[in-house]
**Q** 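Have a look at the structure that comes next, please.
Small disclaimer: the values here were computed from a predicted structure and weren't measured. Indexing begins at 1, ligand by ligand and atom by atom, following the structure's order.
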Amino acid sequence: MTAAPVQPRLVQLGRAEFAAHLDEAIDVYVTAMGYPRGTARQRRSLWLEHAYRPGWRAVAWLGDRDRVIGVSYGYWGGPGQWWFEEVRRGLRALRGSGAEAETWLADYFELTELHVHPEAQARGLGEGLLRALLDGAGRSRVLLSTPEHAPAPPGRAWRLYRRYGFRDVLREHQFTGDPRPFAVLGRELPLPPVAELPPHRHR
Ligand SMILES: CC(C)(COP(=O)(O)OP(=O)(O)OC[C@H]1O[C@@H](n2cnc3c(N)ncnc32)[C@H](O)[C@@H]1OP(=O)(O)O)[C@@H](O)C(=O)NCCC(=O)NCCS
């Protein structure tokens, strides 16, 4: 007789727990994004450094043996941060003035990472992470960047963000040192209640 599958549980991770689960979380990230394994080593120190930024918070789904099967984290964006400066540069180039850039960038939470292991996708876990991370994020807007040409299955991240009303802030943006085009998307916080969202488009 086989054991019943473990119901994943959604948890908020403090810094120590984040560090303890870091290798599993990065494994989910590398697998979900289809990145080479070597990416994991570079990301480790960056993710740990992010955990000390103002407004940092992290959530995860833990599955069998309390291993991470989905993870998301972010922090308050602000001047001097690499991502902030890259997006500001893009907005200024786009509009020729800093006015709209300042509006988006004035008071935002950066959703830095959101990933669910491919074997656990399409069960609502990604949506659960998004809601849990942004509930009480302490800023009036959320911004994120996502590849224009997403990993398989194509479009899943995009559908999630669009369903939640994320709008285009930048398209085809080129971050320094990365040849791939990215979109920067954003919306106001808090997120709408589930009952007010458009229905899923199950495929
Ligand atoms: C983007 C990502 C985090 C979403 O996670 P997820 O757990 O697959 O997302 P959800 O399950 O909440 O929603 C995805 C799909 O599942 C469907 N779904 C949700 N709950 C469901 C359920 N109970 N039964 C059946 N289908 C369901 C949704 O309708 C949605 O379908 P759609 O994509 O056809 O619209 C995940 O797909 C991922 O890690 N992708 C690769 C990495 C990536 O692109 N990350 C974002 C980079 S910024």
**Q** So which of Glu113, Met33, Arg123, Arg163 gets nearest to atom 42 (C) of ligand 1, if we judge by its closest heavy atom?
**A**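 The option holding the nearest heavy atom is Met33.
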
**Q** I'd like to know if Arg43 and Asp23 make a salt bridge, using a cut-off of under 4.0 Å between side-chain N and carboxylate O.
**A**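 Here Arg43 does not pair with Asp23 in a salt bridge, since their nearest N and O are not under 4.0 Å apart.
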
**Q** Below 4.0 Å, non-hydrogen atoms only: which portion of Tyr161 touches ligand 1? Side chain, backbone, both or neither.
**A**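 It is the side chain that touches ligand 1; the backbone stays farther off.
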
**Q** When you check the gap from the basic side-chain N to the acidic O, do Glu148 and Arg180 get nearer than 4.0 Å?
**A**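 No salt bridge links Glu148 with Arg180.
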
**Q** Within ligand 1, which atoms have a heavy atom of Glu127 less than 4.0 Å away?
**A**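 Those qualifying, in numeric order: 12 (O).
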
**Q** What do you reckon, does Ala120 have a nitrogen or oxygen under 3.5 Å from a nitrogen or oxygen of ligand 1?
**A**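 No, there is no polar N/O contact under 3.5 Å.
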
**Q** Just which atoms of ligand 1 are under 4.0 Å from any heavy atom in Ala157?
**A**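 In order of number, 1 (C), 44 (O), 46 (C).
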
**Q** In Å and rounded to the nearest 0.5 Å, what is the CZ to CG distance from Arg163 to Leu130?
**A**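 Separation between the atoms: 10.0 Å.
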
**Q** Determine whether more than 12 heavy atoms belonging to other residues, nucleotides or ligands lie under 6.0 Å from atom CZ of Arg131.
**A**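 Above 12, so yes.
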
**Q** Indicate if Val116 and Ile69 have the same hydrophobic cluster label, given that clusters are the connected sets of ILVMFWY residues with side-chain heavy-atom separations under 4.5 angstrom.
**A**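 Cluster IDs for Val116 and Ile69 match.
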
**Q** For ligand 1, note which part of Arg159 has a heavy atom under 4.0 Å away: side chain, backbone, both or neither.
**A**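 Side chain only; the backbone of Arg159 stays clear of ligand 1.
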
**Q** Check ligand 1 against Thr146 and write out every atom of the ligand that is under 4.0 Å from a heavy-atom position of the residue.
**A**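 That gives atoms 47 (C), 48 (S) of ligand 1.
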
**Q** Is the shortest N/O to N/O distance between Ala122 and ligand 1 below 3.5 Å?
**A**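 In this structure, Ala122 places an N or O atom under 3.5 Å from an N or O of ligand 1.
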
**Q** Could you say whether the N/O atoms of Val116 and ligand 1 ever approach to under 3.5 Å?
**A**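 Such a contact does occur with ligand 1.
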
**Q** Is ligand 1 less than 4.0 angstrom away from at least one heavy atom of Leu114?
**A**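 Yes; Leu114 lies near enough to ligand 1 that a heavy-atom distance drops under 4.0 Å.
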
**Q** For Glu49, check side chain to side chain donor-acceptor pair (under 3.5 Å) against everything at least two apart and list the hits.
**A**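 Glu49 satisfies side chain to side chain donor-acceptor pair (under 3.5 Å) with Arg53 once adjacent residues are dropped.
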
**Q** Quick one: does Gly124 get an N or O within less than 3.5 Å of an N or O on ligand 1?
**A**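 Gly124 vs ligand 1: N/O contact under 3.5 Å present.
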
**Q** In Å and rounded to the nearest 0.5 Å, what is the CG to CZ distance from Asp27 to Arg37?
**A**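 Answer rounded to 0.5 Å: 4.5 Å.
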
**Q** For Trp56, run the ring-ring contact (aromatic ring centres under 6.0 Å, His included) check against Phe18, Phe109, Tyr75 and tell me which one passes.
**A**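 Filter result, single survivor: Phe18.
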
**Q** Output the list of atoms in ligand 1 that are nearer than 4.0 Å to some heavy atom of Leu125, sorted by atom number.
**A**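 Listed by number with element, the hits are 7 (O), 11 (O), 12 (O).
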
**Q** Suppose we screen for side chain to side chain donor-acceptor pair (under 3.5 Å). Which residues come up paired with Tyr108, at least two apart in sequence or across chains?
**A**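 Tyr108 satisfies side chain to side chain donor-acceptor pair (under 3.5 Å) with no other residue.
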
**Q** Give a yes/no verdict on whether any heavy atom in Ser145 is under 4.0 Å from an atom of ligand 1.
**A**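 Yes, Ser145 has heavy atoms under 4.0 Å from ligand 1.
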
